Structures are given as structure tokens and as C-alpha cells.
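In this text the structure is predicted, and so the values were computed from the model without any measurement.
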Number of protein chains: 2
Amino acid sequence: MRQSDEKRRYDDACGLAHALDLLGDRWAMLVVRELAYGPRRFSGLKADLPGISANVLTQRLAELERSGIIRKSKLPPPASVQVYEATPWGLEVAPVIGRLGKWAARSPAHDPTLPMSPAALMMSFETLFDPERAAGLRGRFGFRFGSADYIATVSGGAITVARRDCAGCDVVFTGESNDIAAVIHGGAPLELVRVEGDRSLAEKFRTLFPLPEKVETLGPLA
Amino acid sequence: MRQSDEKRRYDDACGLAHALDLLGDRWAMLVVRELAYGPRRFSGLKADLPGISANVLTQRLAELERSGIIRKSKLPPPASVQVYEATPWGLEVAPVIGRLGKWAARSPAHDPTLPMSPAALMMSFETLFDPERAAGLRGRFGFRFGSADYIATVSGGAITVARRDCAGCDVVFTGESNDIAAVIHGGAPLELVRVEGDRSLAEKFRTLFPLPEKVETLGPLA
DNA sequence: CCGTATCCAATAAGATACTG
DNA sequence: CAGTATCTTATTGGATACGG
């Protein structure tokens, strides 16, 4: 628990400074990332945020709720479990933090071999998607992570992602998000994960997400 | 100085997590904002980041330089003073943090009456600009803050901002960035600041930056 | 004047154990 | 499973002193 009532804030009218008042605390943006595709439970969030401790997660959820970025809600019966979900406004920041991620992927210090959560992987599909490479391609691509299913729909040079059952997809990838990330982004062999359905479509899917070029280590000598 | 050599990092391959490794420390993004339009000196940065202490600024500058986001450089003689400037890659994150700011401006908790630095104000012009309202408008708008001059060029339904002498502008606003912000964004009377040049153009300029609608306090009851 | 280094008090984050 | 409580450690900001 916070000992003082007053949170540390920037004394600055700039919208960016206020964004950092709202999302600048450690873990806050990553919590929003995890909620980008639908409601999640406390334990799921904790599991997908490697290294966060329960008390910090509790505090972040409370602050984000106070700010109106997320809210508590209850899944319909018979589940009836409590979950956290992004509000419509909270959801609007997802594409912005996605672009922040795309920018950072050019950093020489970025290490793509670290673990990657299902939500992070699905967001990478949205942010790294290349419409030109997807021209003329149509398909529904399912991802079964054990904890949840997601589908990515490619059509008309665009991609959309949703958390939804994989039934009816043209291809379904099943495995750990780390391994699926290695296959899609890292060029690892398809055999690392389970692939059901149209295999050639799966191969094409892998080509849609070019990694941004790394920055030169010493920076361009302008 | 940091006591441990190891910086606290996220153990996460997600680009966003890496962005926060690079820019997640307090003040870091605001330093980048201040460098968005050109090189700045230490004391200028300190003055425009209300509340930062010299040692924290020193530390942030060193970290950002290590990451390749900014670099030290020397102004050409006879000035020959040391300045900090964003690298080309570092500059690329400016529009992204601008969008973060635009998103946060919808927060019910956002207080636009707080102080606002010149760089923050100029960035707000870029992020809040409405191309439809600027249709058919052309002009060069100068801003003289005492510490530096900036110009905003509106043409063809677009706006560009640069730090440059105001000479040749159609309108020049002179005053403190706080007051100019109150005039442009807050609807304060033009008389609060000094306006030279085409006054009707100045009035039109004020209409180009609609503030985003506030979120309802309790959030939409979906 | 332009920073940098050091010390200090307050606060935020992390680890771990524990409760309903 | 969903958090709390408690303790320890790390980071922040302010003051101040110092070097170019």
C-alpha cells in the first residue's frame, strides 16, 4: 500500500506528462497491453507479467481503475469470476503503445529471445503487419495458447486480432507463446509448434511481419 | 549515481517492454519531448522540466545517450557550448509520444492550467492539429518565447514545426509559453500576449487545435 | 555559469509469507 | 485463486558542495 495519499505527479500541462501520470508507473502500460484483447483475471495477469509481484499488481490495477482506464467486472454465470477489463477509452491507448513497441524494436539492445506473452505476441502482429506483403491474402489464423485462444483475420490488406475460439480458422497454431513467437518472428522451424490446417497459408502468414531494421550501433554520423 | 550497476529491466521480449526499458524511467520521455525540435543545453532542459533535479537530469541524459536515443554535441563556434540532441532514431519516437499525449488529454484528471514548456506547446500543435479546419489556410506562425523562437507552418492541410527565427512570419506571438498556451488552447483573450502581424490570421490559427472530448467521468456503461 | 558528485530523507518496488 | 501484510531494497528528489 501507498503510505501517502498523494501520488507523485508531473507539474506539467502537457498531455504527455499527464499520460505519464496515468501510465508512467512501472508495469502500468504492460497491464494495459495484457487487457488489450479482453478481460483477464488477476492470476492470468500476474502469470503473463514476468516478475511483477502481487502487491504491485494490486496497486496498479487500483490506480488504473481510479483513472478510468480499466474497470472491474464479473464474467457472466456460471463462471462468475471477477475480471479486469479496459474501458473504451483505455482501449484507445493500445495502438499507441503498440507503436511505441515498434519503435523500440529497432533498438540494438532489444532482445527478442526473452519470453513473450500471448497478448504481446498478438499485439506484435497488429503493429508489425505489412499491408503490401498481405496484398491479396485472406485467411483466419488461430492461436491456441492453452490459457486462451486468439484469432487473427487477414483480409483486404489489413489484420484484426480478437480473443475468440479458434474453431473455423484456416490454420491453427498451438503451443507456448514463446515458441509461436520464435516461429513467426524468429524464423524457427514450423515444427517447433503444432500447426493444423492449411500449411502453405501458415508459411505465408510468417512473412507478413518484417522486423524493423536495427539502428546502427553508433548512430548515423549526420 | 545509481547504486547498482544493473538497471531494472523487464524480462520481456515485447517491444513495448523494451520501450519502457529505454524510456520508462521518470522524466525520460519528457526529456525526449524537450529535444524534439533541436539541441538544448542542460540548463534549458532543467528549466523546462518543472521539478527535475540536476542529478536526475544528468542520470537520464547519460542513460538516453547510452541507449542511442540522444547524443552530446557542440554548437558551432563562437557559441561552442555543449548541447544534447536527439539522434535520428530518437527523433522518431516524438510523434508516438505526441499521440500518447493526445490520448491523455481526454482524461477527466487532465489539468491544462499547469505550466507548459515551449516544446510541449509546439508539440501540442502537431498532435492536436485538425486538417479539416485548416483546409485552404496558409501561413507561417512565429512563437518567441525569450529562450528560443519556433515557427509553425500551415499549408495544404498540414502543419510542421521547427525551431527557427521568427523573421518572415505572417504572425508572431511573443510571451511566456504558458500564456500563449492559454490563448491558443484555453480561449484566453489574444491581448494576454503580444501579437504582431496579421491579426485575423492569428485568430484563425487558434481554431485549428480542437481539444479532444473528455471521457465521461464514470465511463460509458456498456 | 554549466554541469557533476555526494549525502540524506521520503517513497516506490520487490520478495516472501500469509489469509479469506 | 485473489489478493494483503510485512520487510527489505532501490530509486527519487532536494540540498549542498565541488570542478571547469
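- Taking atom CG of B:Asp21 as the reference point, atom P of C:dA13 lies 15 Å away to the nearest angstrom.
- The salt bridge (Lys or Arg N to Asp or Glu O under 4.0 Å) pairs that include a residue from residues 85-105 of chain B are A:Arg106-B:Glu92, B:Arg71-B:Glu85, where partners are two or more places apart or lie in different chains.
- A sub-4.0 Å separation between OP1 or OP2 of D:dA2 and a side-chain N or O of A:Gln82 is absent.
- Paired with A:Phe125 under the rule ring pair (Phe, Tyr, Trp, His ring centres under 6.0 Å), one option of A:Phe205, A:Tyr37, A:Phe141 passes, and it is A:Phe205.
- Listed pair A:Arg60 / C:dA13 meets the phosphate criterion, a side-chain N or O lying under 4.0 Å from OP1 or OP2.
- Below 30°, between 30° and 60°, or above 60°: for A:His18 and B:His110 the angle between ring planes is between 30° and 60°, a tilted geometry.
- Distance B:Arg9 CZ to C:dA13 P: 19 Å, rounded to the nearest Å.
- Rounded to whole angstrom, the span from the CG atom of B:Asp11 across to the C1' atom of C:dA13 amounts to 16 Å.
- Residue B:Asn55 places no side-chain atom within donor-acceptor reach of the base of D:dT12, judged by atom type and a 3.5 Å distance cut-off alone.
- For C:dT11, the OP1/OP2 oxygens have no side-chain nitrogen or oxygen of A:Arg8 closer than 4.0 Å.
- The six-membered or imidazole ring of A:Phe143 lies away from that of A:Tyr150, with a centre-to-centre distance of 6.0 Å or more.
- One atom, CG of B:Leu57, and another, C1' of C:dA5, lie 15 Å apart when rounded to the nearest Å.
- Here B:Arg26 does not reach the OP1 or OP2 of C:dA12: none of its side-chain N or O atoms lies under 4.0 Å away.
- The distance between atom CZ of A:Phe42 and atom P of D:dA2, rounded to the nearest whole Å, is 8 Å.
- Side-chain N or O atoms of A:Asn178 include one that pairs as donor or acceptor with a backbone N or O of A:Met116 at under 3.5 Å.
- Between the side chain of B:Asp25 and the base of D:dT11, no donor-acceptor pair under 3.5 Å is found.
- Summary of the strand contacts: B:Trp27 and B:Ala54 both lie near DNA chain D, and taking for each the nucleotide with the nearest heavy atom, the more 5' one is attributed to B:Trp27.
- Rounding to whole angstrom units, CG of residue B:Leu30 and P of D:dT12 are separated by 13 Å.
- Within the 4.0 Å cut-off from OP1 or OP2 of C:dA13, at least one side-chain nitrogen or oxygen of A:Gln59 is found.
- Each of A:Tyr10 and A:Thr58 has a nearest nucleotide on DNA chain D; the 5'-most of these lies closest to A:Thr58.
- When heavy atoms are screened at a 4.0 angstrom cut-off, A:Ser43 is found touching the sugar-phosphate backbone but no base atom.
- OP1 and OP2 of C:dC2 both lie 4.0 Å or more from every side-chain N or O belonging to B:Tyr84.
- Separating the CD1 atom of A:Ile52 from the C1' atom of D:dA2 is a distance of 14 Å, rounded to the nearest angstrom.
- Ranking C:dG14, D:dT12, D:dG13 by closeness to the B:Ser53 side chain, first place goes to D:dG13.
- We find that NZ of A:Lys74 is positioned 13 Å from C1' of D:dC1, with the value rounded to whole Å.
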